[in-house]
Amino acid sequence: MTSAPTFAVVGHPNKGKSSVVATLSQNDGIAVALEPGTTRKRQAYPLSVDGRILYTLVDTPGFQRPRRVLEWLEAHSISASDHAETVRSFVTQHQGDGRFTDECELLKPLVEGAGIIYVVDGSVPYSAEHEAEMTILRWTGRPSLALINSIGADDYSDIWQAALGQFFQVVRKFDAVRAPFEQHLGLLRAFGQLEPDWEHPLEQATHFLSEQRQYRRQQSAALIAGALEDMMSFREKRTLTSGQAADVSDGSLARQLRQSWYRHQRQREQALRVAIEHLYQHQRIHRQEAELEWHSKHDLFSEDSRRTWAVSKRYLATAGFGAGAVSGAGIDALTLGHSLGTGALVGGLIGAAGSYFYGDRLMLPALNIGVLKDGLKTATFGPVQDSQFGYVVLGRAVDHWWHISQRNHAGRGFLDLEPADHHWLESLDKKSRQDIQQAFDKRRKGRPLDDRQRRKFIAAIGQSMAAYDEWRLNQT
């Protein structure tokens, strides 16, 4: 890969420059604020994939005195042929001059060879100040692209489009907070049109970013599968000596076990969410979701969550038939095939019937408190008895993943996880349903998945994510 290009993001103060840098560099640590002057020094933000820098964005302060700068440039230029050199002279002569600190900061990367990304707010009118800024930027002679990033409700983008087209090689609308990933790639391709030397590295950048996005999706499926395996099989266990057993009643012991079991499950779900957020380089998410308190509306174990994410009887019947059929296949194997497939059929029917008749109740984990024996008393709570719990966890996990994967790094709003109003898993193919149900059944019975079953489970969760994507697409 040839040298990675550098782009200086410039413009008027407080018009979304830092938001553009945050989104295109996938860095949610960049300060984005409504107050002017948030960025006072230029700061470079390279975007790397697997340690390879694809491009670098330089966040810069906004223009403060563009007309004064332009007056100086015009007074010291003889002809158009010396414009770029005159800008360089301005930066050299005004370093340390408090009147033009911001202009020197934003022009320095340009005289050093960076390309221009000029950001304007399409919700405010075009003015003479902006024309002075654009003229200065044209004097640098650097490849240039303008982005219309509308912040407010009004729309002057048509006027901006006409004005910007006279100064910049490419003009695009780009909402740094909401633009989908495909628009990010489109921008990179547009950058590649600005300078022949950038075309190849930016083609590679779009390729690497597309692969990274696919990898993150696959990794998310594996993380969700790992969490589900843990949560479906988790059992809280206590072993008490005779002295300890005498100090606690069975009722109190049961309450302690149950509270620990619920706490562990909530913490495991939270750990999954943090892992997926970090996978997508979101380190500072603020949540609108209610605190995970017992019986709160969005709690993992609330009735609202069960009603929202649990699957229907019909769905369970479909998935349960396949899971039961696997068990039944064992009967056929034991009879060396003399059952003529009857075992698989019976097993399937048992699985389907069990899921159908018990699928609308979220059964609590089993509590077992043993008697005092050899000076020890053992008590256990879990694992979960009902596969519906797995679908609640799966639904919440895929919903959270989708919001994170669609979230731009300029977004500073709360992560608001509103429950879905339709069960999207209904569109999942039968094979994926069965693979998920089989994994749930094995884990809640305390049996491990082998490598082949785990791969099938992860693939089925990947299909679930695709089904959710499709459902979301049809909602808009």
Side-chain angles (χ1 to χ4, degrees), residues 1-7 9 18-30 32 44-59 115 117 145 147 172 174-193 198-227 271-285 397-412 415 455 458-459 461-470 472-473:
M1 186 175 182
T2 55
S3 60
T6 297
F7 303 98
V9 182
S18 296
S19 296
V20 170
V21 174
T23 288
L24 295 182
S25 65
Q26 299 187 6
N27 187 334
D28 67 352
I30 296 173
V32 175
Y45 296 97
L47 177 67
S48 302
V49 174
D50 296 333
R52 185 196 302 264
I53 295 178
L54 303 183
Y55 53 83
T56 297
L57 294 159
V58 182
D59 198 9
I117 300 177
L145 176 148
L147 297 180
R172 293 286 177 87
F174 185 74
D175 185 334
V177 175
R178 300 176 186 81
F181 178 71
E182 289 69 25
Q183 280 194 23
H184 302 187
L185 298 184
L187 267 190
L188 293 181
R189 296 188 184 100
F191 292 155
Q193 298 170 10
W198 293 346
E199 185 173 358
H200 181 59
L202 288 174
E203 277 182 4
Q204 288 189 313
T206 58
H207 174 71
F208 284 130
L209 287 175
S210 296
E211 284 193 337
Q212 180 194 58
R213 191 162 181 83
Q214 185 61 30
Y215 169 79
R216 286 174 170 173
R217 188 183 182 111
Q218 292 167 350
Q219 284 297 106
S220 295
L223 288 169
I224 293 171
L272 168 64
R273 292 184 175 191
V274 170
I276 287 179
E277 289 164 12
H278 287 185
L279 180 63
Y280 282 86
Q281 295 182 217
H282 288 288
Q283 312 286 339
R284 299 168 180 81
I285 296 285
V398 171
D399 180 64
H400 170 263
W401 159 80
W402 187 86
H403 281 86
I404 294 300
S405 68
Q406 302 297 316
R407 185 181 178 91
N408 285 342
H409 292 75
R412 296 297 189 269
L415 177 62
R455 286 195 296 273
I458 293 172
I461 290 175
Q463 289 300 313
S464 302
M465 295 158 72
Y468 189 91
D469 245 348
E470 183 68 22
R472 278 281 178 181
L473 183 65

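Across all their heavy atoms, A225 and I458 have their closest contact at CB-CG1, 3.6 Å. Nearest heavy-atom pair, L202 versus G192, reported as atom, atom and distance to 0.1 Å: CD1-N, 3.4 Å. Of all non-hydrogen atoms in M465 and A221, the two that sit nearest each other are SD-CB, 3.7 Å. Heavy-atom minimum distance, A176 versus N408: O-ND2, 3.1 Å. In terms of heavy-atom proximity, T23 sits nearest to A410 at OG1-CB, 3.2 Å. Nearest heavy-atom pair, V398 versus S464, reported as atom, atom and distance to 0.1 Å: CG1-O, 4.4 Å.
R213 places none of its side-chain heavy atoms less than 4.5 Å from the side chain of R217. With a 4.5 Å cut-off on side-chain heavy atoms, V9 and L24 do not count as touching. Taking the side chain as every heavy atom from C-beta outward, L415 and H282 never approach each other to under 4.5 Å. Here the side chains of Q26 and Q212 are in contact, with some heavy-atom distance below 4.5 Å.
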**Request:** Mind running side-chain contact (heavy atoms from CB on, under 4.5 Å) on L209 and F181 for me, showing each step along the way?
**Result:** CA-CA 10 Å; L209 287 175; F181 178 71; 4.1 Å; yes
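R178 CZ: 12 or fewer foreign heavy atoms inside a 6.0 Å radius. Heavy-atom neighbours of Y215 OH from other residues, nucleotides or ligands within 6.0 Å: at or below the threshold of 12.
Atom CZ in R472 sits 9.0 Å away from atom CD in Q406 (nearest 0.5 Å). With rounding to the nearest 0.5 angstrom, the OH atom of Y468 is 9.0 Å from the CH2 atom of W401. Distance NE2/H400 to CD1/I285: 7.0 Å, rounded to 0.5 Å. N27 contributes atom CG, which lies 9.5 Å from atom CG of L47 (distance to the nearest 0.5 angstrom). For the atom pair E277 CD and I404 CD1, the distance stands at 4.0 Å (nearest 0.5 Å). Rounded to the nearest 0.5 angstrom, Q214 CD and E211 CD are separated by 9.5 Å.
L145 pairs with exactly one of F174, F7, F191 by the side-chain contact (heavy atoms from CB on, under 4.5 Å) rule, that one being F191. For the side-chain hydrogen bond (donor to acceptor under 3.5 Å, both in side chains) test with D28, the passing option among Q281, R284, Q283, H409 is R284; the others fail.
In this structure, R407 forms no cation-pi arrangement with Y280, as its terminal cationic atom is not both closer than 6.0 Å to the ring centre and no more than 45° off the ring axis.
Judged purely by atom type and a 3.5 angstrom limit, H403 uses its side chain to pair as donor or acceptor with the backbone of D399. The backbone N or O of W402 lies less than 3.5 Å from a partner atom in the side chain of S405, making a donor-acceptor pair.
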